[in-house]
Amino acid sequence: MSMRENWIKVGSATIHYFVAGEGDRNVILLHGGGTNSAMLSWKYIISHLSQKYKVFAPDWPSYGQSSAFTGNYTNDLLIDCLSRLMDAWQLQKASLIGLSMGGAAALGYTLIFPERVSSIVLAGSYGLQHKAPYHTLSYLLLHMPFFSKIICECMRRSHFVIRGCLQKTFHDRRLISEELVHEIYTVAQRSCIEKAFFSWLRNEVLWNGMRTCYAQRFHELQTRTLLLHGEYDSLVPLYYAQQAASLIKNARLHVIHKCGHWLTRERPEEFNRVVSAFL
């Protein structure tokens, strides 16, 4: 199935996106934060899902080939961007698949516009937990002068640093290929990505908890929901997905064993199989 790419004006941003497939049901893939992009996260997912669905995979503002965003980067900004994209694409309804940061945007959008979401897949999703691992330390580091700049500069210069960072998102380190490290190294050269991500982190990680945690609203969700989670996710521990699955009415949880946070790169075959069966 051929994949096309295009750009579309959304508010003040120009959003780059991939589209593939000719199915009569729409699927939108929402990637996560960090040194990321639509192609990095969904490289092995788009072609599989596009065999049955029309698939859209946008780069968030400042990510991939989308234009840079210089303001305060928040979860509300991502929800608004998704809403504008659906309007611009003239989609009345779609299934949303959100990874990590993208999961929180998908979840927030679904709570506001449930009538426009056919189903939702939350993969290693942010927005489930009230605190981050090592929360106080994370807060202090994020607000330390030059911390984010040092991290970004190291990633732009060193494959070794990138591999070390990936070890936090993969469980099986043998699956961290040189090809993947080089892909991330190439993406990391665009400084606005890391600026946007650290802006988002500083906004989300408060001294006493996470700004965005939908746990108190899980009971409102009526949309069919699949939670996909790595057994050894160190960024969003499995406990939070288990809790969400027990509180969301139409939810089921699938745990990918021996897998970390970045499910779509560590276990893409199982991800595709489970998501296809759900949709």
Side-chain angles (χ1 to χ4, degrees), residues 13 15-17 28-43 45 57-82 85 96-109 121-129 131-135 138-139 141-142 147-149 151-152 154-156 161-162 165-170 180 183-206 210-214 229-230 233-236 240 260-266:
I15 299 298
H16 170 262
Y17 66 96
I28 302 176
L29 306 177
L30 303 169
H31 69 79
T35 308
N36 211 335
S37 69
M39 186 50 64
L40 259 179
S41 276
W42 308 114
K43 181 176 182 178
I45 311 303
D59 287 322
W60 289 120
S62 291
Y63 287 81
Q65 298 180 59
S66 292
S67 63
F69 180 82
T70 56
N72 191 25
Y73 213 97
T74 67
N75 193 57
D76 287 341
L77 167 75
L78 301 180
I79 293 171
D80 180 67
C81 180
L82 173 57
L85 281 171
L96 305 180
I97 302 179
L99 175 67
S100 192
M101 181 182 79
L107 189 50
Y109 180 87
V121 178
L122 302 174
S125 181
Y126 174 67
L128 310 181
Q129 65 205 99
K131 284 193 174 183
Y134 309 105
H135 189 92
S138 298
Y139 174 82
L141 289 174
L142 285 170
F147 172 75
S148 61
K149 186 176 181 179
I151 294 295
C152 297
C154 288
M155 291 192 68
R156 277 194 286 275
V161 171
I162 290 172
C165 291
L166 281 171
Q167 291 175 3
K168 298 293 185 182
T169 62
F170 274 63
L180 175 58
E183 286 179 62
I184 294 175
Y185 177 82
T186 301
V187 171
Q189 302 313 306
R190 193 177 183 212
S191 61
C192 64
I193 293 178
E194 299 299 342
K195 289 178 181 177
F197 182 56
F198 278 99
S199 173
W200 179 83
L201 281 175
R202 283 189 289 268
N203 182 75
E204 290 294 332
V205 181
L206 308 177
M210 307 302 289
R211 183 184 300 277
T212 301
C213 177
Y214 292 110
H229 221 85
D233 190 330
S234 63
L235 301 183
V236 184
Y240 292 104
H261 183 67
W262 205 358
L263 300 84
T264 58
R265 293 302 300 245
E266 188 170 2

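Using cut-offs of 30° and 60° for the angle between ring planes, the W200 and F197 rings count as parallel.
Annotation for V205 and Y139: closest pair O-CD1, 3.3 Å, computed over non-hydrogen atoms. Heavy atoms only, all atoms of each residue included: S67 and A13 are closest at OG-CA, 3.5 Å. Between L128 and C213, the shortest heavy-atom distance links the atoms O-SG, 3.9 Å. Across A57 and A38, no two heavy atoms sit closer than the pair O-CB, 3.6 Å. Of all non-hydrogen atoms in Y185 and R156, the two that sit nearest each other are CE1-O, 3.1 Å. Across every non-hydrogen atom of L40 and E183, the tightest pair is CD2-OE1, 3.5 Å.
Considering only heavy atoms from C-beta on, L85 stays 4.5 Å or farther from I28 through its side chain. By the 4.5 Å heavy-atom criterion applied to side chains, L82 and I79 are not counted as neighbours. In this structure, the side chains of M39 and V187 stay at 4.5 Å or more apart for every pair of heavy atoms. Using a 4.5 Å heavy-atom threshold, the side chains of I193 and N36 count as separate. F170 places a side-chain heavy atom less than 4.5 Å from the side chain of L180. The closest side-chain heavy-atom distance from W60 to F69 is not below 4.5 Å.
In this structure, S234 contributes its side chain and K168 its backbone to a donor-acceptor pair below 3.5 Å. In terms of modelled atom types and a separation under 3.5 Å, the side chain of S66 and the main chain of D59 share a donor-acceptor contact. Between the side chain of H229 and the main chain of L263, no donor-acceptor pair closer than 3.5 Å is present.
Atoms CG and CG, on N203 and N72 in that order, are 5.0 Å from each other to the nearest 0.5 Å. We find the CZ-CG distance between R202 and L142 to be 7.0 Å, quoted to the nearest 0.5 Å. The structure places CZ of R265 at 11.5 Å from CG of L99, a figure rounded to the nearest 0.5 Å. S37 OG to Q65 CD: the interatomic distance, rounded to the nearest 0.5 Å, is 8.5 Å. Here the OG1-CG distance, from T212 to N75, works out to 4.0 Å after rounding to the nearest 0.5 Å. Expressed to the nearest 0.5 Å, how far OH of Y73 lies from CG of L78 amounts to 5.0 Å.
The neighbour count for K43 NZ, taken as heavy atoms of other residues, nucleotides or ligands under 6.0 Å away, is above 12.
Paired with H31 under the rule side-chain contact (heavy atoms from CB on, under 4.5 Å), one option of S100, P58, S41 passes, and it is S41.
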